[in-house]
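First up is the structure itself, then whatever we jot down about it.
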Amino acid sequence: MPLLPNSRTEPDGSAVIRVLSYNIRSMRDDTDALARVIRACEPDLVLVQEAPRFFRWRKKLARLARESGLVVVTGGATTTGPAILSSLRASVERTEDVLLPRTPGLHRRGFATAVVRFAGTRLGVLSCHLSLQKDERYDQAGMLLDRLAGMGVEHLIAGGDLNERPDGPAFRRLAGTLTDCRAAAPWGGEHTWTPADPYQRIDAIFATQGIEVLGCGVPLGGPGVAGVTETDLRAATDHLPVLAALRVPAS
């Protein structure tokens, strides 16, 4: 597996960052394994889905961040699951937790959003977990694009559990406007569900056109992510993570 670039600031003020998207299943599995996977990926940003939402949820999410060498930016129960973590390299400009319209009988969804800075760059960030229901999922993909467009930032990324494969209508709606990072620069593994027998890609990271994708996929160990083990990936949660290296232009 080729080397995934490490985080750095370029002489022109642009920033190479690592972004991880990860459904952590409310930390109901092996939290130590989960933290080891995250830490080994050395991310600047983690787009979390299914963060803890109930009793002492803030304390649990803060513990995961601390053990992963990160801090909590926003989200959790306030978004019904999506959250954003970051390294201390990121300077947080603002955050907003968004609840989407409720459909009777279905789990309410939300977006965790933030605007952050890395050196000379400014970046809008969104974490999502789309509906299990096809029509609602398609509508939520449109809401995601609208939310990004309204953030007032030139360069943006979005990631999460889409509950849909790349040939599905919601996935294609997002990929029609944004760059599907895995398709643009394949790296590592492709399929994200399930860890025991991965057979489909339902988790993804997207970026706006000005962001250069240097590599994206499931970290399976090897150069740059040597600390990621198959044992930990299976124990951590019921999804595999998606890791992307991106070059964000200076603002």
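For Arg25, the salt bridge (charged side-chain N to carboxylate O under 4.0 Å, His left out) partners at least two apart in sequence or on another chain are Asp29. With sequence neighbours excluded, no residue forms a salt bridge (charged side-chain N to carboxylate O under 4.0 Å, His left out) with Arg66. Remark: Arg201 pairs with Asp180 by the salt bridge (charged side-chain N to carboxylate O under 4.0 Å, His left out) rule, at least two apart or across chains. Among residues two or more places apart in sequence or in another chain, the side chain to side chain contact (heavy atoms under 4.5 Å, CB included) test is passed with Glu136 by Thr103, Leu106, Ser131, Gln133, Gln140. By the salt bridge (charged side-chain N to carboxylate O under 4.0 Å, His left out) test, Asp44 pairs with Arg89, sequence neighbours left out.
Sorted by first and then second residue, the salt bridge (charged side-chain N to carboxylate O under 4.0 Å, His left out) pairs with a member in residues 235-246 form an empty list; sequence neighbours excluded. Identified under the salt bridge (charged side-chain N to carboxylate O under 4.0 Å, His left out) test for residues 49-65, with sequence neighbours left out: Asp32-Arg63, Arg63-Glu67. Within the structure, the salt bridge (charged side-chain N to carboxylate O under 4.0 Å, His left out) test picks out the following pairs touching residues 97-120 (sequence neighbours left out): Glu93-Arg117. Listed by first and then second residue, the side chain to side chain donor-acceptor pair (under 3.5 Å) pairs involving residues 242-251 are Glu10-Arg247, Glu212-Arg247 (not counting sequence neighbours). Sorted by first and then second residue, the ring pair (Phe, Tyr, Trp, His ring centres under 6.0 Å) pairs involving residues 203-232 (not counting sequence neighbours) are Phe171-Phe206. Each ring pair (Phe, Tyr, Trp, His ring centres under 6.0 Å) pair with one or both residues in residues 10-59, not counting sequence neighbours, would appear here, but there are none. Evaluation of the salt bridge (charged side-chain N to carboxylate O under 4.0 Å, His left out) test over residues 148-165, restricted to residues two or more places apart or in two chains, returns Arg137-Glu164.
Contact record, Thr237 with Ile24: OG1-C, 3.3 Å, taken as the closest heavy-atom pair.
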